[in-house]
Each structure stands twice: as C-alpha cells, then as structure tokens.
Amino acid sequence: MSIYESATQAIAQELFAATQENRNFFSQLRDQARLDDKLLGWTMEHPGLRVQLFRLIDCLPSLHSKTEIARHLQEYLSDSSVELPGGLKSLLNFAQADSMPGQLAATTFTTAVQALAHKYIAGESTPQVLKTIDRLKKNGMAFTIDILGEAVITERESQAYFQKYLDLIQTLGEATVAQQPQVSVKLTAFYSQFDPLDEAGSAKKVGSQIRLLLRQAQEHRVAIHFDMEQYRYKASTLKILQDLLLEPEFRDRTDIGITLQAYLRDSYQDAQNVISWLQQRNYPVTVRLVKGAYWDQETIQAVQKDWPLRVYSHKTDTDVNYERITQLLLEHHAVVKTAIGSHNVRSQAKAIAIARALNVPSEAFECQVLYGMADKLAKALVGLGQRVRVYCPYGDLIPGMAYLIRRLLENTANSSFLRQSLGDVDVAALIAPPIPSNDFDLIDVHTTAEKESSFHNSPDTDYAQAEARQAIQAAFQTVRQNLGKTYLPIINGEPVNTLHFDHSVNPCNPSEIIGQVGQATVEQAEQAIQAAQAAFPGWKNTPATERATILRRAADLMEQKRPELVAWMVLEVGKVVEEADPEVSEAIDFCRYYADEMERLDRGYTRNFPGETNHYFYQPRGLAVVISPWNFPFAIPTGMTVAALVAGNCTILKPAAPSAVIAAKLAEILQEAGMPPGVFQYLPGPGSQVGSYLINHPAVHLIAFTGSQSVGCRIIEEAAKLRPGQKHIKRVIAEMGGKNAIIIDESADLDQAVAGVVHSAFGYSGQKCSACSRVIVLEPVYATFVERLIEATKSINVGVAEEPGSGMGPVVSESAQKTIQAYIAKGQEECSLALEMPSPRPGYFIGPVIFTDVAPTATIAQEEIFGPVLAVIKAENFQHALEIANGTNYALTGGLYSRTPSHIAQAQAKFEVGNLYINRGITGAIVDRQPFGGFKLSGIGSKAGGQDYLLQFLEPRVVTENVQRQGFAPIAGVDS
Ligand code: NAD
C-alpha cells in the first residue's frame with residue numbers, strides 16, 4: 001500500500017462528509033419540483049431516455065419556433081427505445097405541435113434546458129461572468145475562463161475567437177485586482193486548418209497568435225492556460241508550446257499552464273517529458289492534470305479507423321494513472337506547479353496527501369473543478385485550506401451545447417464519480433484505491449461494431465504519429481529519385497517495346513515528368529488477347545484458394561509499399577497525402593475482400609435428393625478487359641482487376657493516361673505477387689484506339705469500366721454488337737458519373753454540415769465521382785449556411801499537393817482545367833457567382849468556386865463538372881429539397897444533414913442514390929462497410945466492395961445428375 005494511503009483515506013473521508021451535507025439524494029433529485037433536476041434524475045434511471053434526451057438537447061439551439069421544438073420533442077421522445085416517466089408522458093400529451101399544449105410543452109422544455117445550461121455555463125456575457133467571478137472570490141476561489149466555441153472551421157471564426165480572447169484579457173486585467181486572473185485557450189481554435197500532418201505550418205500559424213496572446217496577457221497581468229483537446233492534436237500541441245516557451249521572450253514566464261490527460265495511455269511518459277523540458281527551461285509552468293473529456297470520441301474513432309486505442313478502456317486504469325502522474329508531478333514541485341482538475345474526492349485527497357507529505361508550497365499546488373459540477377467539493381477543498389480554481393466556460397448557448405452535453409454525460413455516466421456518489425453509497429468502496437484492470441483490450445465498443453463477416457479493413461495511416469510523417473517524407477525522396485523512368489506495356493509477362501511514349505506529368509508542375517509510358521498499338525493489343533486466351537485454361541483450373549492467395553500477397557505488398565504508393569499518387573495526379581492514403585487502404589481491402597468472397601462463392605451449394613444430385617457452382621467468364629479512370633488511380637484499377645482475376649478471368653488492364661504510372665506500380669505488384677504471364681497484362685494506350693479495339697474484340701467476354709457517362713454508354717452500345725466469330729454476349733459493368741447533392745435542413749448541426757460539404761465538394765478538387773456538387777439548403781438556414789460555407793471554403797489552403805499544408809491540390813490536366821473553366825463561364829451566365837478563389841501557378845490549378853441561388857435546372861446543377869465547382873440551391877421545404885435532389889439523371893451518392901428523425905426516415909426511403917450518407921461527408925466509401933455504386937445514369941453494376949460484386953465476373957452453372965440405376969440409388973446421394 002502506498003505510504004500516502006492512510007492520509008489519503010482520512011482526507012477523502014473528510015471531504016466526502018463535507019460534500020454530503022444537505023445534499024440532494026438521487027431520489028430527492030428525481031422528486032424535485034424543477035424539471036431540469038427531474039430530467040437529470042430520469043436519465044440516470046432510463047438509458048434509452050438518456051440517449052434521446054441528450055440528442056434532443058443537442059439539436060435544440062437550431063430549432064427556431066415553438067412548433068418545431070414541440071414536433072422534435074414528440075419525434076425524439078416517442079422513439080420506441082425511450083422509457084417515458086409519467087412526468088414526461090404528460091408533457092408530450094398533445095396532438096398537434098402548433099396546439100396550445102404543444103406550445104406549452106415547448107416552453108417548459110426550453111426553460112428546463114436553459115436552466116440546466118446555466119448550471120454549467122458561468123454566464124452568457126462578460127458582465128455575467130464577472131459577476132460569477134466575484135461570487136467565487138467571495139467563496140475564496142480563483143477562476144479560469146474559457147470562451148465557449150467548439151468548432152472553428154473558418155479563418156474568420158478563428159480570428160474572431162482570438163480577438164475575443166484579446167478583449168477578455170483586457171477586460172479581466174482592468175476588472176480584477178486581488179488575484180491574477182486566468183484564461184484557458186484551445187490551440188486548434190487559433191487556426192481553422194490546424195493539422196498534425198502539417199506540424200510546421202500549423203506551428204507557424206498558431207505560434208504567431210500565441211505570442212500576441214502572451215504579450216497581451218503580460219501587459220494585463222493575466223495568466224494563460226492551454227487546454228488539451230483530442231489525441232490527434234496532442235503531440236503538436238505539446239511541441240508547439242514547448243518550443244515557444246523556450247524562446248528568450250517567454251522563457252521566464254511562469255504564469256502559463258499546459259494540460260495533460262490521464263486517460264491517455266502515454267500520458268505518464270508525456271509527464272516525464274514535460275518535467276525534463278522544465279528542468280531544461282529552469283522556470284516552472286503549471287500542469288493541469290485532468291482525466292480527459294473526449295473518451296467516447298477517442299474510443300469510437302479508434303474502432304472506426306482501426307487505430308490503436310489511445311485511451312484506457314477501463315475507468316479504473318485512468319484513475320490509477322492519474323494518481324501516478326499526480327505523484328510524479330508533485331515530487332518535482334521545484335520545477336512544475338500542479339493543478340489537480342478532478343471531481344473525484346479520492347483523486348483530490350490523494351494529491352493533497354502527497355502535497356502535504358512533500359511540503360509542496362501552496363503556490364505550486366492547486367485543486368480545480370468545473371463550474372457547476374462539484375460546488376460542494378470546491379467548498380470542502382477551500383475548507384481544507386487548499387487553493388481552488390474554478391474553470392468557468394462562458395458564452396452563447398449554441399456553441400455551449402456541445403460543452404453542456406459533455407457535462408451531462410459525465411454527470412450521468414455510470415462510471416463517473418459524481419454519479420456514483422449519489423444516493424446511498426458505500427463510502428469506503430468509493431474512496432478505495434483504484435485497482436488496475438490488467439485488461440488493455442477494447443471493451444464494449446468493439447462488440448457493438450456489429451459485423452457479419454470476418455473481413456478486416458486495412459487502417460489508414462495516422463499522420464498524427466511522427467513516424468508516419470517521417471515515412472511519407474522519406475517516400476517522397478525515394479520516389480523523386482525515380483521520376484522520369486520508362487514504363488512499358490506488359491504482354492504475356494514481358495515488357496514490350498513501343499514506338500510512342502506518353503509523358504505523364506505532375507499536374508502541380510507540368511514540366512516535371514513522372515514517367516514515360518509506352519503506348520501499346522492495336523497489334524500489341526491483339527497479342528495481349530492471344531496471350532490471355534492461351535493462359536485462360538490454366539488459370540480457370542487454378543484452384544480459387546490459389547488465386548486468392550496471390551491477391552492476399554498483393555495486399556501485403558501494397559501494405560509494405562504504402563508510403564511510396566501514396567507519394568506516386570500525390571505526384572502523378574495531384575492528390576494530397578491525406579486523400580491518397582485511404583486509397584491504398586481501399587486497394588488492399590479490395591484484394592483481401594475479393595479473395596474471401598471468391599473462396600465463399602467457390603463452395604457453391606448442393607441440393608441433393610434421393611436419386612438425384614444438384615450442384616450449383618460458378619465458372620469464370622473468360623477474358624476480361626478493365627478500363628479505369630484516373631481519379632482513383634490506384635484503388636479503382638486494383639478493385640476491377642483483382643475481382644476479374646480472382647474469379648478466374650484472364651485480365652487486360654488499360655489504365656487512364658494521366659495515371660498510367662501508378663497503374664504500372666499496380667502491375668509490378670501483381671507480377672511480384674505471382675500472377676502468371678498472360679493472366680494479367682498491362683496495356684497503356686489511347687482509349688479511342690487500344691480501348692476501342694479491346695472492347696470490340698470478339699474474344700472478350702467482360703468489360704469492367706469506370707469512367708464518364710459518355711464513354712460508359714458508348715462502351716455499352718459497342719459491346720452489345722455481335723462481332724463476326726463471337727459466340728457470347730459481352731457482359732459490361734459500367735460505373736459512371738454523378739451529380740451528387742447534400743441536403744441541409746433547419747435542424748442540421750451547421751458546424752458539421754459546413755465542414756462536411758466543404759470536404760465533400762472540394763476534397764481532391766471535386767474530382768471524385770462521389771463528390772458533392774450541389775448543396776440544397778432549406779430556406780430558414782440558407783443565409784447562415786452560405787455565409788459560413790464561403791468562409792470555410794476561403795480557409796482551404798490551395799497549393800502544391802506534396803506540401804503538407806495544402807488542403808487542396810490542382811485538377812488533373814490542362815484539358816480538365818479548360819473543361820471546368822468553361823463550366824464556370826457558363827455558370828456565370830446562368831447564376832450568381834459567390835466565390836472564386838485564386839489559384840496558384842504554375843500547374844493546373846482551379847481555386848474553389850461557389851455559385852449561390854442556383855436554379856435546379858441550370859446546366860451547372862445538372863451536368864457533372866468534375867472539378868471544384870459547387871452549386872448552392874435554395875429549397876422551400878424538405879419535400880422540395882428531395883425533389884430537387886432527385887431531379888437529375890444520376891443516382892450515385894447523396895447526403896443529408898439533419899437532426900429531425902422524420903426527415904432522416906424520409907431521406908432513407910425517397911432519396912434516389914446508391915449511397916446515402918446521413919450527417920457526414922459523402923465521399924470515402926469503405927470496402928464491405930459501404931459497398932459503392934449507383935443507378936440511373938450513374939451505372940449498371942453491383943456495388944464495388946460488396947457481396948454481389950464478384951458474381952458479375954462469374955457464370956453460374958448447375959449440374960443435375962440422376963444417380964439412380966435400375967431403381968437403385970446410392971445412399972450417399974441423399975443430402976438434406
Ligand atoms: P473517362 O470516361 O474519360 O475515361 C475512363 C477510361 O476510359 C480511361 O481509361 C480512358 O482512357 C478510357 N476511354 C476513353 N475513351 C474510350 C473509348 N472510346 N473506348 C475505350 N476506352 C476509352 O473518365 P475519367 O475522366 O478517367 O474519369 C472521370 C469519370 O469517371 C467521371 O465521370 C466520374 O464520375 C467517373 N467515375 C465513376 C466512378 C464510379 O464508381 N461510379 C468512380 C470513379 C470515377
């Protein structure tokens with residue numbers, strides 16, 4: 001047992017007793033007259049209600065009329081998952097949202113939520129927060145102020161946020177004299193494009209703001225504390241602060257604080273590093289030790305992305321770690337000041353016990369609580385003679401909602417100390433030392449990630465990790481040393497010489513040649529077909545598991561070569577690193593998924609009866625031609641090619657010219673993985689000659705095409721013609737374009753919606769078939785949405801794709817640039833141009849363009865542009881929005897941002913798209929999770945990365961045998 005344990009117990013008992021005086025017990029809370037108290041009580045008893053109620057509270061600030069609020073009350077709380085306590089049932093007892101009882105319910109509920117918010121938010125204005133501070137001072141408590149404002153998505157917002165802090169510092173400096181005021185800030189709010197991948201760029205932007213802030217703070221004698229946010233930003237945040245605080249101007253500042261989160265598995269190591277840094281610095285700063293407020297988010301992200309779990313799964317491990325770090329910090333009180341931010345009586349008691357035993361001077365140790373969360377504990381701590389600081393968020397209720405939800409979750413979570421200390425509690429158990437779980441696995445969440453298949457997606461790279469950033473930098477160097485090489489067609493396993501070469505260039509800098517690609521002739525296409533025909537019998541008879549094994553080897557090779565493949569993509573087609581990396585994951589997924597799928601299909605099935613056997617099985621179609629686009633230069637050719645191959649077809653890949661080098665990398669991988677000569681062949685060449693020749697050839701059985709609608713339709717038409725000597729009908733799989741829309745309704749979370757639309761519309765310069773090119777916004781939120789959309793778009797860094805700070809690169813080629821420019825000119829004739837961002841030179845750049853008040857029938861609202869051009873369309877109501885969304889020839893992807901359950905249900909039923917995304921961006925489909933593909937003029941074919949896909953590459957057969965001879969049937973023939 002720790003030497004501090006008995007003192008910890010004694011202090012904890014004392015604190016606990018003080019916090020229990022006059023307390024409202026759980027049951028009393030529930031019986032309170034005030035609805036806000038009752039609501040909290042009910043949520044603790046009813047988990048279904050807790051979820052729906054918090055979701056409703058989240059959406060409340062976006063609802064502008066009582067009728068809307070009443071409607072949402074009913075929609076949310078009448079969900080079948082909700083157990084309604086009597087008090088709430090009576091509140092919902094109205095037939096019409098606009099009736100008197102409906103309006104009354106809306107008012108009652110809104111008042112209750114406002115009352116709840118006021119419990120945790122120290123004021124909505126500066127005078128209000130100054131009043132709160134005064135009250136705290138009278139109670140012997142210090143404060144730190146945080147300006148609420150969760151998502152900064154535009155540079156204008158980050159400037160405004162920064163200015164608010166400068167003003168606040170001045171006000172506080174003038175208003176407070178007795179003690180040094182403190183403000184708490186979040187680094188990501190100072191730069192809307194803060195990105196760990198661009199550590200240097202982010203540091204430069206944020207660093208200049210921090211310097212200004214620290215100077216202003218010094219002038220007004222205000223202390224600054226830096227908060228910590230999601231794990232993704234942790235390493236950059238620590239590095240930026242540590243570098244800056246060593247600069248001569250700031251090195252001796254001791255009124256500065258940083259934050260560590262004990263729920264992170266590497267936080268003890270971080271604390272050790274901070275101490276070493278402070279030993280070098282020689283002037284202390286404060287470390288605020290908290291447990292961490294983003295547990296759910298971190299856990300969900302880790303599961304969704306299949307990244308290592310950065311937070312402890314078990315609360316008890318966080319508590320153990322918290323105490324270890326507390327001790328470490330206090331043992332180094334000569335160099336670090338410690339602030340214990342916790343509402344857990346034991347955590348505070350342990351810190352006090354250690355501080356007392358080590359004679360930590362009072363200026364080097366303080367206790368912190370959040371405003372409204374643990375008032376009694378704060379008082380009890382003051383009673384023990386501790387310095388107590390209260391963290392006071394202030395500001396508007398709307399940005400405050402995310403903060404409120406986090407507090408409500410904490411207050412009502414089963415694992416939280418606050419929740420556990422309600423009602424009749426076993427005090428000894430509550431303040432007992434936390435016991436390590438010794439279980440470092442993911443809990444709960446993994447089991448909720450329901451999966452039928454055992455297939456496992458390849459995780460994208462986490463560029464918040466320094467090693468990942470180093471690996472990609474090294475890959476760029478390697479790839480640059482290999483630019484300009486020659487890539488020849490591969491026929492029957494051998495490279496073949498060509499007369500003509502096509503230069504594939506870097507669209508950011510067209511004078512840079514990525515590779516010289518030998519252009520196959522029609523005669524060479526014929527040779528490839530003959531080689532494929534010769535190889536077919538052997539490949540057809542190769543067991544499916546052997547074919548699958550080659551795909552799995554290819555996947556492993558892709559995993560090994562990931563950084564280089566990313567670098568090739570960035571340089572050849574101008575995709576930024578964070579967009580190119582998921583493409584490698586997708587290609588790997590295609591290999592592994594189709595390998596599994598082929599093994600499944602290869603089993604076929606039998607239906608045997610007495611005297612009769614029936615066997616259903618598949619055979620390959622024969623010779624497949626794959627014609628791929630350049631916009632997913634690695635994933636799409638991989639997907640189509642390996643599907644054809646694993647199904648037993650001999651396959652010729654004709655890549656798109658702008659991405660022929662990356663396709664050559666795929667060819668190298670497939671050869672290295674063991675694809676036999678003639679089975680797979682790489683045939684770069686002009687689409688209209690080589691492509692046409694292959695498509696029209698009577699020996700070809702199947703064409704897998706992804707590309708534009710015009711080429712796709714032509715291929716379908718040509719392939720339908722029976723050529724002399726042709727003994728089969730060709731099968732065409734054609735995945736074509738889109739004119740994808742996102743609908744934004746009144747209840748949408750606009751922070752999320754703006755960010756999602758910007759990413760979906762301008763990611764890879766809008767050159768994705770899934771890209772958003774129309775956004776349909778309901779009238780009540782139109783003006784607000786458009787203003788933020790334009791500001792957020794202006795905040796995108798358009799630049800050279802290779803630069804880590806670039807959010808958007810060029811378009812792929814000069815001809816693409818010209819086509820897009822022609823559409824922009826057409827748009828200017830038809831609609832109102834709201835934004836045209838400048839584009840860098842040289843290179844094929846086009847800055848993002850936004851047209852507003854676009855008529856649904858305008859050319860730019862109907863035709864696929866395939867560039868960074870977004871049409872914003874106003875809709876009168878939700879029905880109208882759906883009609884506009886469905887009013888094109890395409891049906892590929894679509895999206896909806898809404899927190900209205902009935903709108904979500906209607907979109908699911910009526911939005912005509914192959915892939916509908918709700919409350920998220922509409923690009924980035926993941927194999928098996930979101931099989932991808934559309935209908936109408938967006939394509940004919942089953943979804944890529946889904947269970948029906950491989951069937952298209954196979955022909956099903958059934959063999960029935962009468963096994964009865966002379967009335968005698970073998971018993972083995974009977975199968976249930
Ligand atoms: P594209 O149609 O111009 O070219 C696609 C491929 O067809 C290229 O390899 C090209 O060389 C070849 N080709 C061109 N003319 C040919 C001919 N006459 N005969 C045979 N082959 C010919 O398309 P792109 O510009 O490469 O790609 C962008 C288009 O692809 C967009 O319309 C986009 O929406 C679509 N796309 C769709 C999906 C999907 O899954 N639905 C995915 C990615 C891209």
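As the structure lists them, so they are numbered: ligands from 1, and atoms in each ligand from 1.
- With a 6.0 Å cutoff to the six-membered ring centre and a 45° limit on the axis angle, K654 does not count as a cation-pi contact of F705.
- The closest protein non-hydrogen atom to atom 10 (C) of ligand 1 is K654 NZ, 3.9 Å.
- Less than 4.0 angstrom separates some heavy atom of N631 from each of these atoms of ligand 1: 43 (C), 44 (C).
- Residue S708 has at least one heavy-atom neighbour below 4.0 Å for each of these atoms of ligand 1: 1 (P), 2 (O), 3 (O), 23 (O), 29 (C), 30 (O), 32 (O).
- Relative orientation of the Y594 and Y949 rings is parallel, given thresholds of 30° and 60° on the angle between their planes.
- Of the possible polar contacts, none joining the R929 side chain to the N457 backbone as a donor-acceptor pair under 3.5 Å is found.
- Using a cut-off of 4.0 Å between Lys/Arg side-chain N and Asp/Glu carboxylate O, K561 and E672 are scored as salt-bridged.
- Using a 4.0 Å threshold on non-hydrogen atoms, atom 30 (O) of ligand 1 counts as touching the protein.
- With ligand atoms numbered from 1 in the order given, ligand 1 contributes 37 (C), 39 (C), 40 (O), 41 (N) to contacts under 4.0 Å with heavy atoms of E735.
- Interface of R714 with ligand 1, defined as ligand atoms under 4.0 Å from a residue heavy atom, comprises 18 (N).
- The backbone N or O of T893 lies less than 3.5 Å from no partner atom in the side chain of N915, so there is not a single donor-acceptor pair.
- Heavy atoms of Q767 found under 4.0 angstrom from ligand 1: none, in either backbone or side chain.
- Looking only at side-chain heavy atoms (C-beta outward), I922 and S770 stay at 4.5 Å or farther from each other.
- A donor-acceptor contact shorter than 3.5 Å links the side chain of Q862 to the backbone of P856.
- Remark: ligand 1 and G707 share an N or O pair separated by less than 3.5 Å (distance only, no angle test).
- Looking from atom 27 (O) of ligand 1 to the surrounding protein, the closest heavy atom is P629 CB, 3.4 Å.
- Residue I627 holds the heavy atom nearest to atom 21 (N) of ligand 1 of all those in T893, L892, I627.
- Put simply, no part of G934 is less than 4.0 Å from ligand 1, judged by heavy atoms.
- Salt-bridge annotation for D581 and R562: present, with a side-chain N of the basic residue lying under 4.0 Å from a carboxylate O of the acidic one.
- The closest approach between P655 and ligand 1 falls below 4.0 Å for a heavy atom of the residue.
- Using a distance-only test at 3.5 Å, with no hydrogens or angles considered, no donor-acceptor pair links the side chain of Q681 to the main chain of C650.
- Nearest non-hydrogen protein atom to atom 24 (P) of ligand 1 is W630 NE1, 3.4 Å.
- Side-chain contact between Y890 and E912: absent, with no pair of heavy atoms (C-beta onward) separated by less than 4.5 Å.
- In this pair, H701 and H728 present their aromatic rings parallel. The plane angle is below 30°, not in the 30 to 60° band.
- Of the candidates G687, A657, A771, the one placing a heavy atom closest to atom 19 (N) of ligand 1 is G687.
- Salt-bridge check for R621 with E955: passed, with a basic side-chain N closer than 4.0 Å to an acidic carboxylate O.
- In the candidate list L653, V625, N696, V711, V711 is nearest to atom 16 (C) of ligand 1, counting heavy atoms.
- Within the 3.5 Å criterion, the main-chain N or O of L937 finds no donor-acceptor partner in the side chain of Q709.
- Considering backbone and side-chain N/O of S628, one or more are found under 3.5 Å from N/O of ligand 1.
- Applying the 4.0 Å criterion to heavy atoms of I636 picks out, from ligand 1, the atoms 42 (C), 43 (C).
- By heavy-atom distance, the residue among K768, K943, E864 lying nearest atom 32 (O) of ligand 1 is E864.
- The main-chain N or O of G622 is found under 3.5 Å from a side-chain atom of N649 such that the two form a donor-acceptor pair.
- Atom 33 (C) of ligand 1 has F866 CE1, 3.3 Å as its closest protein atom, hydrogens excluded (heavy atom only).
- In terms of polar-atom proximity, M736 is counted as a contact of ligand 1, with an N or O under 3.5 Å from an N or O of the ligand.
- Note: no N/O pair closer than 3.5 Å links S688 and ligand 1 by distance alone.
- Against a heavy-atom cut-off of under 4.0 Å, I695 is close to the following atoms of ligand 1: 19 (N), 20 (C).
- Under 4.0 Å from ligand 1, heavy atoms of T706 appear from its side chain as well as its backbone.
- For atom 36 (N) of ligand 1, the nearest non-hydrogen atom of the protein is C769 CB, 3.5 Å.
- Counting only distance, with no hydrogens or angles, the side chain of Q527 and the backbone of I491 share no donor-acceptor pair below 3.5 Å.
- Counting only N and O atoms by type, the side chains of T498 and Q524 include no donor and acceptor under 3.5 Å apart.
- Residue A656 approaches ligand 1 through these ligand atoms, each under 4.0 Å from one of its heavy atoms: 8 (C), 9 (O).
- Counting atoms of ligand 1 from 1 in the listed order, those under 4.0 Å from a heavy atom of F932 are 40 (O).
- Counting heavy atoms under 4.0 Å from ligand 1, residue L694 does not touch it at all.
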